[in-house]
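Following: one structure in C-alpha cells, then a few remarks.
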Amino acid sequence: MAEVSTQTPASTSLTSALEASTFRRLHPRAYLERFAAEGIRPEGRVFDAFRATSLNAGSISTADGSALVRIGYTTVVCGIKAEIAEPDINRPNEGFLVPNVDLPALCSPRFKPGPPGDEAQVLSAQIGDFLSSAQVLPLSSLLIHPAKSAWALWVDVTCINYDGNVFDAAVLAIIAALKSCRLPAAKYDEDAGRTVCSRTESHPLRLRRTPLLATFGIFDSTHLFADPSSFEESLLHTRISIAVDERGQLCYVSQAGRGELGRTPSHDVLRLCIEKARQRRKELVSSLEGL
Amino acid sequence: MASALFDRRRINGPETSHPPLYEDELSQPSTSTASAARTSRAPTDLRPIFLKTGLITAASGSAYLETERTKLAVAVYGPRQVKNAPYSSKGRLNVECKYAPFASATRRAPLKDAESPHLSTHVAQALLPSLRLELLPKMQLDVHVTILEDDSGEHGLVSAIASTASAALASAGVEMKGLVVGVTAAMPSSSSALPLLLDPTSAEARAARAQVTLCALPALGSVSELWVSGALREGEEQGVLEALMRAGRDVHGVLVRALVEEAEAERSRSEGEGAR
C-alpha cells in the first residue's frame with residue numbers, strides 16, 4: 001500500500017508513541033502479551049530483573065531511625081519513633097514493635113484521602129506478620145524494667161510514589177531503619193515511678209536477623225516476572241513473596257493465587273522463586289550501604 | 001502523651017505511650033526562652049533550598065522540597081471532574097496537608113494529630129489568587145502534601161508548602177497568573193539584639209515573640225496571603241515586609257530554575273526518542 005507521508009521522523013515517533021499509550025490504556029493485557037512474547041517487559045526489563053534499588057538511611061532527624069528506599073519509581077520512607085510505655089499485663093517482659101504502612105492519596109490516583117484503604121490494611125497486616133514470625137527483633141530486648149517500663153517502637157512507612165511492589169520496598173525500608181535506629185540508655189526510677197533517659201549514651205537495636213523480601217508474579221500461567229510494576233500487578237494472577245535472611249534461611253513465604261507456571265508443578269515454582277530471592281538478597285547487600 | 005484510640009484499620013500499639021524523658025529536662029523543667037544567636041547563616045539568609053519537580057510519576061504534577069531539616073512532598077492531581085456536586089462555573093481547589101507520624105519531635109498519631117486543616121486553609125488561600133479557576137468549570141484540583149520532616153514550625157511550613165505546591169501546579173501544566181512563593185520571618189524576643197530572622201528553624205520559631213508569613217507572586221508584585229501571629233512593634237511591619245518581598249524573589253528564582261530544568265530534561269528525552 002503506497003502512502004505519501006508528510007510526517008517528519010520526530011512527529012512519526014510522536015504519533016506512534018501516542019498510539020502505543022492508547023493501546024496500553026485500552027487493552028493492557030494484550031499490550032503486555034505482545035512484550036512477553038518477545039521475552040521482555042514494557043520498560044525493557046527481562047523477566048527476572050529487579051528494578052534499580054537505592055537506599056538512604058538516617059536522613060530524617062526527627063525520627064530515631066529512618067530510611068528512604070526507591071525500587072524503580074516506587075518510593076517509600078520509613079521512620080521509627082521510640083516512646084516509652086507500660087508493658088502489656090500478659091507480656092510483662094516485652095516491649096512493642098508497631099508497624100504500619102500508609103498509602104496516602106499523594107502517591108497514586110487510586111487512593112482517596114481518609115482512613116487506610118484495603119491495600120494499606122493488608123500491607124500493614126502482612127508486614128506485622130512478617131516481622132513477628134521472622135523474629136526480626138526480639139521484643140524482650142526492648143524491656144527497660146519488668147512490668148513497669150519498656151520501649152514502644154512505632155514503625156511508620158509512608159509511600160511517596162506508587163509504582164508497584166510496595167511490599168518489597170517497605171520491608172527493605174523497615175529493616176534499614178531498624179538497623180539505623182539508636183535508643184538512648186534508659187533507667188527506671190522506682191521511687192518516682194518514671195523512666196529517665198540519657199542524652200549521652202545510646203545503643204543500637206539488637207536485631208536477630210535481617211531478612212529481605214523478594215516478590216514475584218506469574219503472568220498468563222506462562223511467565224514469571226520479578227518485581228512487578230503497578231501496571232503489571234493488575235494483570236498477574238499469582239503473587240509470591242519470599243524473605244531470606246543473612247544465612248540464606250527462609251523467613252517468610254506467601255503465595256496468593258493459583259501458582260501455575262506452564263507445566264512446572266507449584267512446589268517447583270516456589271523453589272525457583274526461593275533461589276531467585278537468595279540471589280536478590282546477595283545483590284542488594286553488596287550494592288547497598290547501611291544493610 | 002500519645003494516647004491511641006483503638007483503630008481497627010491499623011496495627012495498634014500500647015494504649016498510652018509517652019516520648020522519652022531526658023535527665024537534663026528533669027533539672028530544668030522550662031526550656032530557655034532566650035533564643036541562641038544564629039550561627040550557621042546571617043539573619044536575613046534563607047536556608048539552601050533543594051526543589052525538584054516530577055518525582056511522583058502517577059501525579060499530574062509534583063514537587064519535592066528539602067531545606068536542611070525540612071522535607072516535604074507535594075502532588076497535584078487534576079484538573080479532574082467533580083463528581084456528586086452541583087455545577088459550578090469556577091474550578092475548586094482542594095488542599096490536604098498531612099504530617100508523617102515521624103515528622104515532628106513528638107510522634108503524631110495518624111487519627112488525631114496528623115492532618116492539619118489549619119495549614120491546608122492557609123496554603124489554599126495563598127494559592128487561589130494565582131490560579132485561573134474560571135477556566136476549569138466543574139473541575140477540581142487536588143493538592144496533596146505530605147510533610148516528612150518539620151524543622152520550620154507552622155508558619156515556616158505554610159510558606160514552604162505554598163512555594164512547593166505552586167511549583168507542582170506549574171509542573172502539572174495548570175494555567176496560572178504567576179508562581180506563588182512563601183517566606184517567613186520570626187521576631188526574636190526582646191532579650192536578643194537582632195531585628196529579625198528570616199526562614200526560622202522550629203527552635204527559633206518557638207522562641208520568637210512574633211512570626212510573619214508572606215505569600216506573594218513576585219512576577220506580578222502582588223501579595224496573596226499575609227499571616228501574622230504574635231505582637232509586632234510599631235513601625236516594624238514595613239521593614240519586615242520589605243525583607244520578605246526581597247527574599248521572595250530569591251525563592252522565585254529557585255522555583256523557576258527547577259521548572260526550567262524539568263522542561264529541558266523532558267525536551268531532550270523526547271528529542272532522543274524522536275531521533276531513534
Side-chain angles (χ1 to χ4, degrees), chain A residues 8-14 17 59-64 66 73 75 77-88 96-100 102 104-110 113 115-116 120-121 124-125 127-128 150 152 154 156 158 160-163 183-184 186 194-199 230, chain B residues 2 4 7-26 55-60 62 64 66 68-69 71 73-75 77 80 94 96 98 100-111 114-115 142 144-146 148-151 270-271 273-276:
Chain A
T8 63
S11 69
T12 318
S13 80
L14 227 58
S59 51
I60 304 212
S61 61
T62 46
D64 300 291
S66 62
Y73 287 124
T75 309
V77 180
C78 172
I80 301 181
K81 292 291 282 179
E83 295 197 330
I84 298 191
E86 223 177 82
D88 189 27
F96 304 88
L97 181 66
V98 192
N100 267 300
D102 186 25
L106 170 106
C107 67
S108 167
R110 66 171 76 185
Q121 292 180 55
S124 297
I127 287 187
W154 301 88
D156 295 291
T158 305
I160 307 289
N161 191 8
Y162 184 95
D163 191 22
L183 296 180
R194 64 183 172 200
T195 316
V196 180
C197 301
S198 155
R199 279 264 190 227
S230 78
Chain B
D7 183 356
R8 68 178 179 83
R9 294 185 208 246
R10 289 191 172 91
I11 298 197
N12 288 278
E15 254 180 47
T16 51
S17 65
H18 60 85
L21 180 67
Y22 289 96
E23 46 199 14
D24 50 13
E25 286 166 10
L26 288 178
L55 286 177
I56 301 178
T57 46
S60 311
S62 62
Y64 172 76
E66 213 177 280
E68 284 189 6
R69 291 178 168 192
K71 299 177 173 73
V74 178
Y77 288 95
R80 48 188 182 188
N94 299 326
E96 185 217 359
K98 219 161 84 148
F102 43 80
S104 319
T106 318
R107 182 177 185 266
R108 290 177 180 259
L111 271 185
E115 298 205 12
D142 292 313
H144 297 290
V145 183
T146 295
L148 295 170
E149 196 183 348
D150 169 20
D151 189 29
S270 60
E271 271 175 7
E273 281 174 13
R276 271 192 258 120

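Every chain is numbered from 1 and lettered A, B, ... according to where its sequence line falls, protein lines coming before strand lines.
In terms of non-hydrogen atom pairs under 4.5 Å with chain B, the most contact-rich of Gly128(A), Pro113(A), Ala186(A), Ser230(A) is Pro113(A). For the set Ser124(A), Ala105(A), Pro104(A), Cys78(A), the count of heavy-atom pairs under 4.5 angstrom toward chain B peaks at Ala105(A). With chain B as the partner, the residue from Cys107(A), Ala85(A), Cys197(A) showing the most heavy-atom pairs under 4.5 Å is Cys197(A). The residue among Ile127(A), Asp88(A), Asn161(A) with the most heavy atom pairs within less than 4.5 Å of chain B is Asn161(A). Comparing Pro99(A), Gly79(A), Ser66(A) by how many heavy-atom pairs each has under 4.5 Å with chain B, the most go to Gly79(A). Counting heavy-atom pairs under 4.5 Å between each of Ile84(A), Val98(A), Val196(A) and chain B puts Ile84(A) at the top. No other option in Ala73(B), Ala105(B), Ser104(B) has as many heavy-atom pairs under 4.5 Å with chain A as Ser104(B).
Between the Thr75(A) side chain and the Tyr73(A) main chain, a donor and an acceptor come within less than 3.5 Å of each other. Side-chain atoms of Tyr77(B) come within 3.5 Å of backbone N or O of Leu106(A) as a donor-acceptor pair. With hydrogens and angles disregarded, no donor-acceptor distance shorter than 3.5 Å links the side chain of Lys81(A) to the backbone of Pro19(B). The backbone N or O of Ala103(B) lies less than 3.5 Å from a partner atom in the side chain of Thr62(A), making a donor-acceptor pair.
In this structure, the separation between OG1 on Thr158(A) and CZ on Phe102(B) is 4.0 Å, given to the nearest 0.5 Å. To the nearest 0.5 Å, atoms CG (Asn100(A)) and CZ (Arg9(B)) are separated by 13.0 Å. The CZ atom of Phe96(A) sits 9.0 Å away from atom OG of Ser17(B), with the distance rounded to the nearest 0.5 Å. Atom-to-atom distance recorded for Glu96(B):CD and Glu115(B):CD is 5.0 Å, nearest 0.5 angstrom. Here the straight-line distance linking atom OG of Ser61(A) with atom NZ of Lys71(B) works out to 6.0 Å at 0.5 Å rounding. In this structure, Thr106(B) OG1 and His18(B) NE2 are separated by 12.5 Å, a value rounded to the nearest 0.5 Å.
Only the side chain of Arg194(A) comes within less than 4.5 Å of a heavy atom of chain B; its backbone N, CA, C and O stay farther away. Looking at Ala150(A), neither its backbone nor its side chain comes within 4.5 Å of chain B, counting heavy atoms on both sides. Neither the backbone nor the side chain of Pro87(A) comes within contact range of chain B; no heavy atom of the residue lies under 4.5 Å from a heavy atom of that chain. Both the backbone and the side chain of Thr146(B) come within contact range of chain A, judged by heavy atoms closer than 4.5 Å. For Pro184(A), the part lying near chain B is the side chain, with the backbone staying farther off; criterion is any non-hydrogen pair under 4.5 Å. At a 4.5 Å heavy-atom cutoff, Ala120(A) makes no contact with chain B through either its backbone or its side chain. Using a 4.5 Å cut-off between heavy atoms, Thr195(A) contacts chain B through its backbone alone, with no side-chain atom that close. Interface remark: Ala63(A) contributes backbone and side-chain atoms alike to the contact with chain B (heavy atom separation under 4.5 Å). Asp156(A) touches chain B through backbone and side chain together, each having a heavy atom under 4.5 Å away. Only the side chain of Asp102(A) has a heavy atom closer than 4.5 Å to any heavy atom of chain B.
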Handout entry: Intermediate values then yes/no, side-chain contact (heavy atoms from CB on, under 4.5 Å), Leu148(B) and Ile160(A)
Key = CA-CA 10 Å; Leu148(B) 295 170; Ile160(A) 307 289; 3.9 Å; yes
